[in-house]
Structures are given as structure tokens and as C-alpha cells.
S.K.: 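Take a look at this one; I'll ask things after.
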Amino acid sequence: MAPRVSDHQSPLPVSEAAGLDLPPSSQAKDLRPRWTVLDSLLCGAFAGAVAKTVIAPLDRTKIIFQVSSNRFSAKEAFRLIYCSYAKDGLLSLWRGNSATMVRVMPYAAIQFCSHDQYKRLLGGYYGYQGKALPPFQRFLAGSLAGTTAAMLTYPLDMVRARMAVTAREMYSNIMHVFVRISQEEGVRTLYRGFTPTIMGVIPYAGITFFTYETLKKLHTEKSSRAQPYPLERLAFGACAGLLGQSASYPLDVVRRRMQTAGVTGWSHGSVLGTARAIAAQEGVVRGLYKGLSMNWVKGPVAVGISLTTFDLAHDLLLKLQRMGYFAH
């Protein structure tokens, strides 16, 4: 009589078990790198830092014109850049960029994280969980995200503006700016210009996120691809940034005047008083929209560099995860 085969077989030897092919889903689960929120924030912060560093000379020049009564033109802007280089050296064009870096990374992290949270909360409240939000909710999520980030990082923006328009001898580093402003002008000065900042960031962040997400949604509906190509993302981001900047730019000029009042002698303390004074002395277009054309130049450049750097950092991080250097 042939021996009966037991229903409960003994485990396979380790060498044999290792040779078995796992189901595709198990392989994907074990081997596929996981892209987390932290990874996205790290790459986004790095991309923003690179983009801001590249356009820092243009950004500094824009701020200098914003806080002065001199008429803006492309010729005068580039003459200012050349004079700064000739007088104080090449690195003077990046004065205040260290404060920008300190602000950009937490600002980007807070803004993008809070944007995701606000989209989730609004989607759940209005019954659009897991779906694209309606237009108003899209705008609201962006505005709330920008407001949250601005509220938590505003003193760093104030310090950056001060360092951009003053000589090296006045403020030696970021901490020196904080200490000197607190001692000579009071701690409340660190939040001077906060009101126009929030008034400006509501339309800026709202329009920017709304436009970008709307263009991506339209792209998905009109094309057969779920995600746009990098160049298409660049174009969507550039359009979103240009619309947002143009809508909120006068308030950006007002906040810069208020932020630098302690070193420029500007005496109008309120938002409305500052805006009226600028319009009366320099005109509405030449005063409140001073430097906007430079923003139209540096905006697409910054977005292009930021998106390209983000994609490269994203691909590099995933490659390192596949090689086993990073594990979540």
C-alpha cells in the first residue's frame, strides 16, 4: 500500500523558498520606492532654494526700486545691478539671500503641507472627498495655505527686506537684524507690513493654486494623459504665478515700503495711507506697479528652475531608494 501523502507538508528549505517567484503585487510592494510627503517637502524646499538663489539679484533689485521713489525701467534696473557689483563686489548682488533661504524652506513646507490639509478638509466638508474641488474651494484652499505660511514666517520676510536695501555695515547677519530692530525699533516692528502681506497673499496664493490646479484638471480632461509633461507643468506654473503676482502686486509694494520704513524714512504707517502716498507722489501705475515687469521676467525663470530642480531631485531620490540608500 502506497504511503499516504500528508495534507500538511513540511516547510520548504530556505534555499528552495528563496527561489520561488513572489506574486507581482508582492514584489511591487517590497521593491517599489515609496514617495512620501516628507520626500516631496525636501525636494520642494531644495528646488525653491535653488530657484531663489538664481534670481536673487533680480529680486533684490526689484525690492530696492519698490522702496524708493526712483522711476523704474529695465535700463535703470540693470544699471543698479552693475553699480552694486562695481562698488561692493559680486556677492553684494546676493545680499539678503541667506534670510531668503531661511524663510523659503519653511514657507514652502508649511504652504504645501497646509494646502493638502485644507483641500482634504474642504473636500470632506463639501462632499468632494477624493475628487477635484469646485473653483471656489480650490481658491479658498490656496488662500488659506498661503495665509498660514505667511503668518508663521513673516519676521523672516521682514529681515530679508531690510538686508536687501541696506549696506553691509548696517546689518552683518540675520541675527544682527533681529537684535538691532528689536532694540532700536521694538519687537512689534518685526511685524510691520503684516496687514498688506496677508491682504496680498490671499489673492496671490488663491489665484496661483486655483489657476495651476484648474489648468492641470483641464489638461487631464482634454488629453489622454493623467499627468502633464514637465514643460507643460512649467507653462501652467508660469501662468499661475503671473496671474497671482499681477493681482496682488500693489500690496507687495505697500508692504515693502512699510517693512523698510525704519531705514528709508518712510513715515506713512497704515496700509491705506502708504498706498495713497505712493499713488500721489509717483502715480498709480509707476508707483504701485513699480518693478512688475521685472517680476514678469523673473517669475517664469524661477518657476522653470524650481520645477526642473524638483524633477531632478525627485528622480535622484527614487534612484537612491532603489539602490537601498534610503528606506522609509
Side-chain angles (χ1 to χ4, degrees), residues 41 44-45 47-49 51-52 55 59 62-63 66-67 96 99-119 121-122 133 135-162 164 188-214 237-261 270-272 274-275 278 288-292 294-296 298-300 302-303 306:
L41 291 176
K52 280 290 187 180
I55 66 166
D59 212 21
K62 182 202 73 173
I63 293 174
Q66 283 182 328
V67 302
T100 301
M101 293 300 98
V102 173
R103 173 183 174 268
V104 161
M105 300 203 309
Y107 184 92
I110 294 168
Q111 186 177 43
F112 284 105
C113 276
S114 60
H115 183 242
D116 288 339
Q117 294 301 316
Y118 286 130
K119 283 199 300 182
L121 289 172
L122 291 171
L133 292 174
F136 175 73
Q137 283 74 18
R138 251 176 277 161
F139 175 86
L140 184 59
S143 296
L144 291 172
T147 301
T148 302
M151 288 175 63
L152 296 177
T153 62
Y154 184 78
L156 293 170
D157 187 51
M158 170 73 166
V159 169
R160 175 236 181 172
R162 284 292 182 96
R188 291 183 61 185
T189 304
L190 293 172
Y191 280 88
R192 181 182 292 163
F194 179 74
T195 301
T197 297
I198 297 301
M199 291 172 62
V201 81
I202 290 173
Y204 171 73
I207 292 173
T208 299
F209 278 110
F210 166 79
T211 304
Y212 185 63
E213 295 204 349
T214 299
C239 291
L242 289 176
L243 289 175
Q245 287 175 351
S246 301
S248 62
Y249 195 79
L251 287 165
D252 189 47
V253 174
V254 170
R255 79 182 173 106
R256 292 302 185 197
R257 292 291 178 97
M258 296 179 71
Q259 286 176 337
T260 58
S270 68
V271 176
L272 188 57
T274 302
I278 294 173
L288 293 175
Y289 286 91
K290 182 185 293 183
L292 177 60
M294 181 171 287
N295 251 27
W296 286 343
K298 73 181 185 66
V303 171
S306 180

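Remember, predicted model here, so these are calculated numbers, not experimental data.
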S.K.: Could you tell me which residues satisfy side-chain hydrogen bond (donor to acceptor under 3.5 Å, both in side chains) with Ser248, sequence neighbours excluded, listed by chain and number?
M.R.: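 By the side-chain hydrogen bond (donor to acceptor under 3.5 Å, both in side chains) rule, Ser248 matches no residue at all.
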S.K.: Can you list everything that forms a side chain to side chain contact (heavy atoms under 4.5 Å, CB included) with Ala49? Sequence neighbours excluded, please.
M.R.: Met101, Met105
S.K.: Kindly give the heavy-atom pair with the smallest separation between Val104 and Lys52, and that separation in Å.
M.R.: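 In terms of heavy atoms, the two residues are closest at CG2-CG, 3.7 Å.
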S.K.: Suppose the criterion is side chain to side chain donor-acceptor pair (under 3.5 Å): which pairs have a residue in residues 198-209, not counting sequence neighbours?
M.R.: none
S.K.: Mind running salt bridge (Lys or Arg N to Asp or Glu O under 4.0 Å) on Asp157 and Arg256 for me, showing each step along the way?
M.R.: CA-CA 10 Å; Asp157 187 51; Arg256 292 302 185 197; 3.5 Å; yes
S.K.: Provide the full list of side chain to side chain donor-acceptor pair (under 3.5 Å) pairs with a residue in residues 147-156, sequence neighbours left out, each pair given once.
M.R.: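 Counting only pairs at least two positions apart or across chains, the side chain to side chain donor-acceptor pair (under 3.5 Å) contacts touching residues 147-156 are Tyr118-Thr148, Tyr154-Gln259.
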S.K.: Is any side-chain heavy atom of Trp296 less than 4.5 Å from a side-chain heavy atom of Ser246?
M.R.: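 Side-chain contact under 4.5 Å: yes.
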S.K.: Run Leu288 and Val254 through side-chain contact (heavy atoms from CB on, under 4.5 Å) and show every step you take.
M.R.: CA-CA 8 Å; Leu288 293 175; Val254 170; 4.2 Å; yes
S.K.: Go through the structure and list residues passing side chain to side chain contact (heavy atoms under 4.5 Å, CB included) with Val159, not counting sequence neighbours.
M.R.: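 In terms of side chain to side chain contact (heavy atoms under 4.5 Å, CB included), with neighbours along the sequence ignored, Val159 is linked to Ala99, Met163, Ile174, Val177, Phe178.
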S.K.: What's the spacing between Arg257 CZ and Arg192 CZ if we round to 0.5 Å?
M.R.: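 It is 14.5 Å, given to the nearest 0.5 Å.
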S.K.: Would you mind reporting whether Met158 and Thr189 have side-chain heavy atoms less than 4.5 Å apart?
M.R.: yes
S.K.: State the CG-CG distance between Leu144 and Leu122, to the nearest 0.5 angstrom.
M.R.: 6.5 Å
S.K.: Using the rule given for side-chain contact (heavy atoms from CB on, under 4.5 Å), can you reason through Phe210 versus Ser143, listing the C-alpha separation, both sets of side-chain angles and the distance that settles it, and then say yes or no?
M.R.: CA-CA 9 Å; Phe210 166 79; Ser143 296; over 6 Å; no
S.K.: Got a sec, which residues hit side-chain hydrogen bond (donor to acceptor under 3.5 Å, both in side chains) with Glu213, two or more places apart in sequence or on another chain?
M.R.: Lys119
S.K.: Can you tell me how far CD of Gln117 sits from CD1 of Ile110, rounded to the nearest 0.5 angstrom?
M.R.: 13.0 Å
S.K.: State which residues pass side chain to side chain contact (heavy atoms under 4.5 Å, CB included) with Leu251; sequence neighbours excluded, sorted by chain then number.
M.R.: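 Residues passing side chain to side chain contact (heavy atoms under 4.5 Å, CB included) with Leu251: Pro196, Met199, Val271.
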S.K.: Going from OG1 on Thr214 to CZ on Phe209, what distance comes out if it is rounded to the nearest 0.5 angstrom?
M.R.: 12.5 Å
S.K.: Partners of Tyr249 by side-chain hydrogen bond (donor to acceptor under 3.5 Å, both in side chains), sequence neighbours excluded?
M.R.: Gln66
